Amino acid sequence: MKFISTRHSSAAVGYSEALVNGLAPDGGLYIPETWPKFESTDFETLSSMHDVALKILRPFFSGDRLEGQLRSILESTLHFPIPLKSLKGDTAVLELFHGPTNAFKDVGARFLSECVARLRDPGAPLATVMVATSGDTGGAVAGAFFGRPGIEVLILFPKGRISARQEKQLTCWGGNVKTFAVHGTFDDCQRLVKTALHDSNWRKDKTLISANSINIGRLLPQMIYYAHSSLTYWRSKGHQPSFIIPSGNLGNAVASMWAKKMGLPIDHIVLATNSNPSVTEYFKTGEWKSFETQVTLANAMDVGNPSNMERVLALYPDFKQLKKDISAVSVSDDEIRSTIADGKSNWNEIWCPHTATAVRARERLGGHHWILVATAHPAKFESIVEPLIGEEVPVPAELQTLLDRPSHIQEIEPTLQALKDRLSSIAPEKKSLPPRSRK
Ligand SMILES: *Cc1c(COP(=O)(O)O)cnc(C)c1O
């Protein structure tokens, strides 16, 4: 299997090369060249998440260096529960927040980390993993790569725009994880990573890997839970479910579209967005336009120019077909608040602000069998959630462990030069020499 660029002017490459490249050389994003096709009945004898995962991912690894290791990569990745819970007759919730950093991104980040670690030859120079984060990506990536020998992690997040507990999950690591609070927006952080990836001078003495959702190594494994939950729902209820997905950069949603494309029993897909308008505007007008990022309560979805839109457009060159399969709903901060406040009485659940956008979309829509995708644990957003529900959200054990650790953080301006300068100034610590001024 080969992966091609959405912009069609780069060579087709195998999985491992697409993963290490991150972006294709022409600036596009990697997408599979062909689509394996499945029928729901192909999975009749398979019920575990691992078995389903192996079946749907195997074709993408065929001929690749990692082909023979897929099973063990999956075993190291999927070691936490991903429950599908029934709520009311036609609605269920897929809880993606039981991983080490309580966000759906743990699945993709851990898979990516397993792949990078296995691709690195012993004795090779340091590999640098870079990630821009508007909330949960950085924590999941840091957790997934923390302590891996020969790999350093650089995390960039927009200062002051994420929750205190999210920030803690970015900054509690130390060791091979370096975290930078950038004076700017998430889009500034994302631009910085893209600039670094294109800076041949900086790249020349390191292997630089982007861990954002543009990376194929994070996207592919996200298909696993769409495949498994849609099959489970279809078998138990006899209907194809439709998914409502809290969306920002559209990485999670693209994985659901790919699973649908391959023939898994998925009916409609709804992109639940916050008040950042680029996606809903596109669905209204058919013309793609990016917007300045707006700050909302669902901060991990504060994206003005979602990078995975390029993959959506590549999958759906025909706007009519796109609108048939997919729709987009925008949810304001006021609606997020009221959805969280009414969570107990309407659904007997506590929602995080991101998941609340999907719940609100569900409350507006009818006529399908719905799976709401819950992307983060509400305890990560206690300062928003607790005043609205009037009680404390119990903190899961994984989160408490991270909250108890000290923070390591540095601030920079949103330029590659600022990042380079800061990195060279902290180089002595990397070699564990005591800084002279502290003598
Ligand atoms: C990242 C994130 C999202 C948005 O996911 P995308 O793949 O960027 O669309 C939604 N909710 C939470 C909690 C997240 O961390």
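Note that the structure is a prediction, hence the values are computed from the model and not measured. Just so you know, ligand 1 is whichever comes first in the structure, and atom 1 is the first atom listed for that ligand. Note that these values count all heavy atoms, side chains included, but never hydrogens, waters or copies made by symmetry.
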Check whether any heavy atom of [X] sits under 4.0 Å from an atom of ligand 1.
X    : result
S247 : yes
P246 : yes
F97  : no

key: Close side-chain approach of F291 to E281, heavy-atom, < 4.5 Å   =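 Yes, side chains in contact.
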ask   = Is there side-chain contact between V177 and F145, with heavy atoms separated by less than 4.5 Å?
value =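 With C-beta onward as the side chain, the pair stays apart.
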Who's the nearest protein heavy-atom neighbour of [atom], and how far?
atom                    : value
atom 4 (C) of ligand 1  : G248 N, 3.6 Å
atom 11 (N) of ligand 1 : T375 OG1, 2.8 Å
atom 8 (O) of ligand 1  : N249 N, 2.8 Å
atom 1 (C) of ligand 1  : K105 NZ, 1.4 Å
atom 13 (C) of ligand 1 : D136 OD2, 3.1 Å

- Item | Atom indices of ligand 1, in the order listed, that fall short of 4.0 Å to a heavy atom of G251 |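 Listed by number with element, the hits are 6 (P), 7 (O), 9 (O).
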Note to self: Can you check which of N212, L250, L219, T133 brings a heavy atom nearest to atom 6 (P) of ligand 1?
What the structure shows: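 Among N212, L250, L219, T133, the closest heavy atom to atom 6 (P) of ligand 1 comes from L250.
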Exercise. Looking only at non-hydrogen atoms, which of R218, Q166, M301 approaches atom 10 (C) of ligand 1 most closely?
Worked result: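 That would be M301.
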Original post:
Cation-pi between R118 and F61: NZ/CZ under 6.0 Å from ring centre and within 45° of the ring axis?
Top reply: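 No cation-pi geometry.
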E349 and salt bridge (Lys or Arg N to Asp or Glu O under 4.0 Å): which single residue from K344, K88, K85 fits?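 So, applying the salt bridge (Lys or Arg N to Asp or Glu O under 4.0 Å) to E349 and each of K344, K88, K85, only K85 qualifies.
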- Item | Proximity to ligand 1 by part of N252, non-hydrogen separation under 4.0 Å |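 Both backbone and side chain of N252 come within 4.0 Å of ligand 1.
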Original post:
Do ligand 1 and C352 have nitrogen or oxygen atoms that lie under 3.5 Å from each other?
Top reply: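 C352 vs ligand 1: no N/O contact under 3.5 Å.
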- Message: Side chain or backbone, does A300 bring an N or O within less than 3.5 Å of an N or O on ligand 1?
- Response: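 Between A300 and ligand 1, no N or O pair is found under 3.5 Å apart.
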Under a 4.0 Å N-O cut-off, is there an ion pair linking [X] with [Y]?
X    : Y    : value
D342 : R360 : no
R148 : E114 : yes
E411 : K159 : yes

**Asked** Quick one: which of L271, V254, I269 gives a side-chain contact (heavy atoms from CB on, under 4.5 Å) with S247?
**Response**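 Going through L271, V254, I269 one by one, the side-chain contact (heavy atoms from CB on, under 4.5 Å) with S247 is satisfied by L271 alone.
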(message) Tell me the closest heavy-atom pair linking H408 and T179, and the distance in Å.
(response)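 What the structure gives for the nearest pair is O-CB, 3.9 Å.
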